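Report on one structure; see the data block that follows.
Below, each value reflects all heavy atoms present in this structure, side chains not excepted, and no hydrogens, waters or symmetry copies. No experiment lies behind these values; they were computed from the predicted model shown. Numbers restart at 1 for each chain; the letters A, B, ... are given by sequence-line order, proteins then strands.
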2 protein chains.
Amino acid sequence: MAGNGRASGGVEAVPASQQGMRRQNLAVVIGAVAAHGPLSRADVAGHTGLTRPAVSSMVDELIGRGALTETETAPSGRVGRPGRALALNDRGPAGLGLEIGVTHLAACVVDLRGEPRVWRRVERANAGRPAGQVLAEAAALGAEAEAEADALGLRVAGRVLAVPGVVPNEPSGLVANAPNLGWQAVRPADHWPDPDTVPEPENEANLGALAEQWHQGHPAETFVHVSAEAGIGGALVVGGQLFRGARGFAGELGHLPVHPEGAPCACGARGCLEQYAGEAAVLREAGLAHVGDPVALLAERAGAGDEATLRALDRAGRALGLALTSAVNLIDPDGLVLGGAYAELADWLLPSIRAELAARITVRPWAPEAVRPSALGRRGPVLGAAWSTVRQIIADPSRLQALAR
Amino acid sequence: MAGNGRASGGVEAVPASQQGMRRQNLAVVIGAVAAHGPLSRADVAGHTGLTRPAVSSMVDELIGRGALTETETAPSGRVGRPGRALALNDRGPAGLGLEIGVTHLAACVVDLRGEPRVWRRVERANAGRPAGQVLAEAAALGAEAEAEADALGLRVAGRVLAVPGVVPNEPSGLVANAPNLGWQAVRPADHWPDPDTVPEPENEANLGALAEQWHQGHPAETFVHVSAEAGIGGALVVGGQLFRGARGFAGELGHLPVHPEGAPCACGARGCLEQYAGEAAVLREAGLAHVGDPVALLAERAGAGDEATLRALDRAGRALGLALTSAVNLIDPDGLVLGGAYAELADWLLPSIRAELAARITVRPWAPEAVRPSALGRRGPVLGAAWSTVRQIIADPSRLQALAR
DNA sequence: TTAATTTGTTTTTCGTCATTACAAATAACC
DNA sequence: GGTTATTTGTAATGACGAAAAACAAATTAA
């Protein structure tokens, strides 16, 4: 599930038990294999500090649950009995990621190694359509993907749905508001055809941020992820964990006041970032109509040197730089990541963003390269949704059912 | 120590051991006593889910380490054998808090219950004096306080020093920059007379925020603490833990850009919050000279209805409101706390802060009462410094030496 | 072929908590 | 006042999991 990093709720520390110890050590073992490629039991013992017998016992259990497999033993060339290589099972538990975008639906299944094994993507104009209809189509796409995964020997163990909207901490499972889809207080579970495959919804910017984090492989990074798809989404990752804030609204920087007395915004305030760096604002400033794929259009015009487009992107970059200055002052992150559509426009946005940050961040160390485009771009949210399940399994494999086979 | 909440560093999960289980359960037991007043062993078992024998065993150990004591058993009035009340020891381990301010030094010793038992405060013009001299005087004050604590049967187990400056995560023990004192890269350990009593430095706004948190007793709150003492300090508390950011600069909102094209700031940027809500800026705007206790002067003038002062405070409040709008959008906190000098000026700052927030936070739930003045005001930092040690002991009592008596 | 080395498993030991049983201390009841 | 019910704290026993020690298996080096 994508619920990592939620407020820990009750503060009463829970007593430690022997079962808890076992659970944590199972996670340590599978975590070592996940982090350092194929390892023998002895290697795992060396990496983790557990003894070889303890590792052996847990490996047995993890194999029984389908999480690990013994693979072909590569000749090591070293003296002594060769170890038997352990790896994450590529025919075991898997994660299903679903995405509902304004103009498309997507699904993706990843195996325990994180490798995408099934892809589905269809264009659909979802804005304004009844939520039930859209969700039914997403469910159908997910069922197709699951069937294909099944044929590959994969067993989907969790489902997460990326939506371009706000998903509050409480009550869970609710999409409170997705303006670009026209959704208000939609609960996917209420419209899902099959109650056994209901996904957990999560904000797409949050999932994109997690995807970036896992893709880069810097495990404990703290960064701010900004993405654009119709609205402006933002997400905070702190020490490798999603930071959702007290109610789940953290990181939403579309309405940060960048020019306090500036243009009035639909939200009722003035000078919000969205009025300068939102898709609609940039298109307006560039003198372009909102048709087809507006991001591709902007990139094409900017690449061709169109003055108005370059000016619009420069203005957007400066506004983003201002908003990110606030973020850096408050959060002190390792880096800033431009995701979604911003990743595709990074060539034209980065210079003004970096210039603005360099001019305004003066009392602490700051390197322009700390701002970087996302490596995943628009695929981030689906991948993040699918990876969420897999990461959760690796963080606590004790929840896996033992294989019935 | 004040190092709670630092980036967890190595991400390799550590294996769970039986000693670790014991350590955690010791913390659970003492935590239950700390949270719910005097309890019998059976009460603790009920609160924690541990069994009575397990609790008994751990209570024995905690008494041996001086953390708990059996107190007078109050007649319960209920049937059955009466329990023997356990409480935090008020003659055991203690925390020493030290503070170096621009115009004063302070020291404070708290017992395990968190009760302040020794207070010291002297006025000193510390700005611009050699750091070694100031630190030597702080050490002397601390030694006095420790001697007095010793006479009360207290045993100082940790020392934390609040400074009005930046304390980065790495290298630890370093005050990188304290502009109001004129310090640059000062390491208290290098100037401390007695190597056995060297304190760990920490930013005073961070400690003030922790103090507020513990004083209120809302354990897992997420809030932003803003304080003023010469500069503007800020701190983030997330789920009850200090959030220091990747390098230790998190929460520093003095240079948040509130009016991007506004007044130039000493930092090199334009329109920083400090230019509108900093002490110097407010005094200038109010037409007052910087003499004696400027905060008291401002409060007196404002209370007397002085127009220029009221205008200056209103302007400061609106700027703070703008900066806090960014903080709310990014962090989604439970609340905002005005600390330090701002707490004493809250009557005149709060209206404009709240108005600005109400006008600008539109896309999420927000209540004006979420902004509140600190209950501790200027005593927050010393108390936070002293409490840090005590909280750390309660979070992990296994580190306590067994009593030699 | 033998020795050295490394791996993985088996056996034993140890530490921790849970369960059960029991003694001690009190209130309620007759 | 004595008996019973109830609750507390401790002692004895058991279960579980990891550590330590011992050992069998598989490889390289000599």
Side-chain angles (χ1 to χ4, degrees), chain A residues 13-30 32-33 36 38-64 68-87 397-398, chain B residues 13-30 32-33 38-64 68-87 396-398:
Chain A
V14 103
S17 62
Q18 298 184 334
Q19 292 89 306
M21 188 164 73
R22 178 84 180 170
R23 195 174 343 166
Q24 178 171 338
N25 285 341
L26 283 172
V28 166
V29 168
I30 194 174
V33 175
H36 304 101
L39 296 177
S40 70
R41 290 163 176 78
D43 291 336
V44 172
H47 271 95
T48 60
L50 290 160
T51 58
R52 291 203 310 275
V55 170
S56 262
S57 148
M58 284 177 290
V59 164
D60 286 349
E61 182 167 344
L62 289 169
I63 289 177
L68 293 182
T69 44
E70 287 192 327
T71 62
E72 285 311 301
T73 292
S76 71
R78 298 171 51 209
V79 68
R81 171 176 167 177
R84 298 204 306 203
L86 299 164
S398 70
Chain B
V14 104
S17 63
Q18 298 183 333
Q19 292 91 307
M21 186 164 77
R22 179 82 179 172
R23 192 174 344 162
Q24 178 170 339
N25 285 340
L26 284 172
V28 166
V29 168
I30 195 174
V33 175
L39 297 177
S40 69
R41 290 163 176 78
D43 291 336
V44 172
H47 270 95
T48 60
L50 290 160
T51 58
R52 291 204 309 275
V55 171
S56 262
S57 148
M58 282 177 289
V59 164
D60 286 349
E61 182 167 345
L62 289 170
I63 290 177
L68 292 181
T69 44
E70 286 192 329
T71 61
E72 286 310 304
T73 292
S76 70
R78 299 170 51 210
V79 68
R81 171 176 167 178
R84 297 204 306 203
L86 299 165
D396 181 9
S398 70

query = Is the backbone N or O of A:P15 less than 3.5 Å from a side-chain atom of B:N25, with the two atoms forming a donor-acceptor pair by type?
reply =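 Side chain of B:N25 to backbone of A:P15: no pair is present.
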key: Exam field: side chain B:Q24 to backbone A:V14, donor-acceptor pair closer than 3.5 Å   =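 Side chain of B:Q24 to backbone of A:V14: a pair is present.
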message = I want to check something: taking the side chain as every heavy atom from C-beta on, are B:M58 and B:V44 in contact at a cut-off of under 4.5 Å?
response =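 Side-chain contact under 4.5 Å: no.
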remark   = Contact string for nucleotides 1-6 of chain D, one letter per nucleotide 5' to 3', B = base within protein heavy-atom range under 4.0 Å, S = sugar-phosphate only, - = neither, reads -----B
task = Check the distance between D:dG9's C1' and B:D43's CG and give it to me in whole angstrom.
result =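 Rounded to whole Å, this separation is 13 Å.
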inquiry  = Without decimals, in angstroms, what is the distance between A:R41 CZ and D:dA24 C1'?
reply    =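 One finds 15 Å between C1' of D:dA24 and CZ of A:R41, rounded.
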key: Name of the residue among A:V59, A:L39, A:L86 meeting side-chain contact (heavy atoms from CB on, under 4.5 Å) with A:V29   =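 Among the candidates, only A:V59 passes.
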query = Please, which pairs that meet salt bridge (charged side-chain N to carboxylate O under 4.0 Å, His left out) have at least one residue in residues 70-84 of chain A, sequence neighbours excluded?
reply =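 Non-adjacent pairs meeting salt bridge (charged side-chain N to carboxylate O under 4.0 Å, His left out): A:R41-A:E70, A:E70-A:R84.
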key: Any pair counted as salt bridge (charged side-chain N to carboxylate O under 4.0 Å, His left out), so long as it reaches residues 53-64 of chain A, sequence neighbours left out   =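 As it turns out, the salt bridge (charged side-chain N to carboxylate O under 4.0 Å, His left out) pairs with a partner in residues 53-64 of chain A, which skip direct neighbours, are A:R22-A:E61, A:E61-A:R65.
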Closest heavy-atom pair and its distance - B:S40, B:G83 =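 Reported closest heavy-atom pair: CB-CA, 3.8 Å.
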request  = Please name the pair of heavy atoms, one in A:T71 and one in A:A87, separated by the smallest distance, quoted to 0.1 Å.
outcome  =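 So the minimum-distance heavy-atom pair works out to CG2-CB, 3.7 Å.
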message = Quick check on DNA chain D: between B:Q18 and B:A85, whose nearest nucleotide comes earlier from the 5' end?
response =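 In this pair, the answer is B:A85.
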B:R78 or A:L26, whichever maps to the more 5' nucleotide of DNA chain D =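 Between the two, 5'-proximity favours B:R78.
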query = From B:T48 OG1 over to B:D43 CG, what is the distance, rounded to the nearest 0.5 angstrom?
reply =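 B:T48 OG1 to B:D43 CG: 10.5 Å, rounded to 0.5 Å.
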ask   = Looking at CG of A:L62 and CG of A:L26, how far apart are the two atoms once the value is rounded to the nearest 0.5 Å?
value =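 Going from CG on A:L62 over to CG on A:L26, the span is 5.0 Å.
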ask   = Are A:N25 and D:dG17 close enough that a side-chain N or O sits under 4.0 Å from OP1 or OP2?
value =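 The answer is no; no side-chain N or O of A:N25 sits under 4.0 Å from OP1 or OP2.
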ask   = Is any side-chain nitrogen or oxygen of B:R84 closer than 4.0 Å to OP1 or OP2 of D:dT8?
value =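 So the side chain of B:R84 is outside the cut-off, no N or O lying under 4.0 Å from OP1 or OP2 of D:dT8.
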Residues from residues 50-61 of chain A lying under 4.0 Å of DNA chain C - heavy atoms =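 Those residues are A:R52, A:P53, A:S56.
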inquiry  = Base, sugar-phosphate or nothing for B:S40? Non-hydrogen atoms, less than 4.0 Å.
reply    =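 Sugar-phosphate contact only.
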query = Residues two or more places apart in sequence or in another chain: which of them pass side-chain contact (heavy atoms from CB on, under 4.5 Å) with B:D396?
reply =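 Checked B:D396 against side-chain contact (heavy atoms from CB on, under 4.5 Å); matches are B:R23, B:S398, B:R399.
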query = For DNA chain C, which nucleotides open and close the run of contacts to chain A, 5' to 3', at under 4.0 angstrom from a non-hydrogen atom?
reply =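 Both ends considered, the range comes out as C:dT5 to C:dT16.
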